[in-house]
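Just so we're on the same page: letters track the sequence lines, and every chain starts at 1.
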Amino acid sequence: MYYVADVKEADCAKYNCKQCVLFCPEPNTLMYHDSKHVAWVNYSRCKGCAICVYVCSDLLKRNCIQMVMVTTGD
Amino acid sequence: MGLEYVRISPGFEKYMPKDYVDLVQYGQFGREVDVQQLGQFKELVEEHPMCAGCFMAYFIRVFYAALPKPEDTIVIGTAGCARLALSQAAVPFIYGNYGDTNAVASGLKRALSIRFPDKDKDVVVIAGDGGLIDIGFGMTMHSWFRREKFTTIMVDNEVYGNTGGQESGMSPKGVQLKMAPKGKQFDKINAVELAKTAGCVYVAKLAPTNPKRIAKTVRRAILAARHFGPTFIHAYTSCNIEYSIPTEKVLEDARKREKQDFGFYEWMTEEVKEFFEELERKPEEVKA
């Protein structure tokens, strides 16, 4: 089991914003879907630092990302 | 080195690792990307073993996205945290002995300008505060005195993070670390003023709170080094382990330090200023 970021797609799609993607320290991890206009997480690469949660919830007050527990293979 | 070495020979695509094929098809080689497009193209740097929430890793991610010509760039690093991510990128990386990065870069840049006189080959040193200002101090300063044409970037985490938290010359005065229990007795070294005095033509200091600004600074430092002389960037990249910053507060800490002592600072000589004015005016003229 490990801790990763998870984007609430329906909430995220309301905003045309990708600030979380621009502040993730991991490359090719928090990605942006061009046509759906949502951020998405490559779970196997996420280290669970929650900087994206700080950007989305504390700075922008949009609350579209939460940290979740996943098991290998999810 | 060069675009022809990066591309896959026709017919061999199916035998190459998927990450590499993605890198050639959707990556930065041969085209300039805007740092705002991060997350929409395959990045040069791959998975690396740096700590969760490390802002040095973040700076390195933005640095690679900002490279003006990744296929014609060589990165030089040394012992320290930064090399863990630098060595995982699709850009040639040379791992110097501790402290000799700028001496290696001097020789390399001179050799490249003899071998490829008609091409721009960029050499960039990225090392920590220990590698550049403590242990590599002499070689760093002398490369600047000699006006070697390459970029030096100091990723300053204000501590020896790999070896258990010893104080470095760049640790702030009074800070208590695991291996500096009495608190640091001396002031933080003013690297920016040293660089200006030693002959750098472009000097900048920043905290990584604005990706667009990091990218602009890195690009300017590399372009100025191509034509004029040594350039230097001093970047604050906190060590969340040794300074006990919870990972989700790392950006908040960078914003706090930006207000205190890492406000954005940029200095360049008159000729470099004229060069950038000319360079940044051209696209508008073309449009008109």
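For A:Cys46, no part lies near chain B; criterion is any non-hydrogen pair under 4.5 Å. Interface remark: B:Glu252 contributes backbone and side-chain atoms alike to the contact with chain A (heavy atom separation under 4.5 Å). At a 4.5 Å heavy-atom cutoff, the contact between B:Val45 and chain A is made by backbone and side-chain atoms alike. For a residue to count as touching a neighbouring chain, one of its non-hydrogen atoms must lie under 4.5 Å from one of that chain's; by this rule A:Leu30 touches chain B with the backbone only.
Between the side chains of A:Ser57 and A:Asn63, a donor-acceptor pair is found at a separation under 3.5 Å. With hydrogens and angles left out, the side-chain atoms of B:Tyr26 and B:Gln40 include no donor and acceptor closer than 3.5 Å.
Using a 30° and 60° split on the angle between ring planes, B:Phe93 and B:Tyr95 fall in the tilted class, from 30° to 60°.
Checked by atom type and distance alone, the side chain of B:Thr151 never pairs as donor or acceptor with a backbone atom of B:Ala225 at under 3.5 Å. Looking only at distances, no side-chain donor or acceptor of A:Lys8 sits under 3.5 Å from a matching main-chain atom of A:Ile65. With hydrogens and angles disregarded, a donor-acceptor distance shorter than 3.5 Å links the side chain of B:Tyr58 to the backbone of A:Leu22. Using modelled atom types, no side-chain atom of B:Asp156 and backbone atom of B:Asp129 make a donor-acceptor pair closer than 3.5 Å. Remark: side-chain polar atoms of A:Arg45 are not paired, donor with acceptor, to backbone N or O of A:Val41 under 3.5 angstrom.
In terms of heavy-atom pairs under 4.5 Å with chain A, the best-connected choice from B:Cys54, B:Ala85, B:Ala52 is B:Ala52.
Using a 4.0 Å cut-off between charged side-chain N and carboxylate O, A:Lys47 and B:Glu47 make no salt bridge. Using a 4.0 Å cut-off between charged nitrogen and carboxylate oxygen, B:Glu258 and B:Arg213 count as a salt-bridge pair. Ion pairing between B:Lys42 and B:Asp19 holds under the 4.0 Å rule for side-chain N and carboxylate O.
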Walk me through whether B:Asp253 and B:Arg257 qualify under salt bridge (Lys or Arg N to Asp or Glu O under 4.0 Å). CA-CA 6 Å; B:Asp253 166 74; B:Arg257 287 297 298 273; 5.7 Å; no
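Along residues 49-56 of chain A, the residues that come nearer than 4.5 angstrom to chain B, judged on non-hydrogen atoms, are A:Cys49, A:Ala50, A:Ile51, A:Tyr54, A:Val55 in order of number. Annotation: residues 59-79 of chain B contacts chain A through B:Arg61 [non-hydrogen atoms, separation under 4.5 Å].
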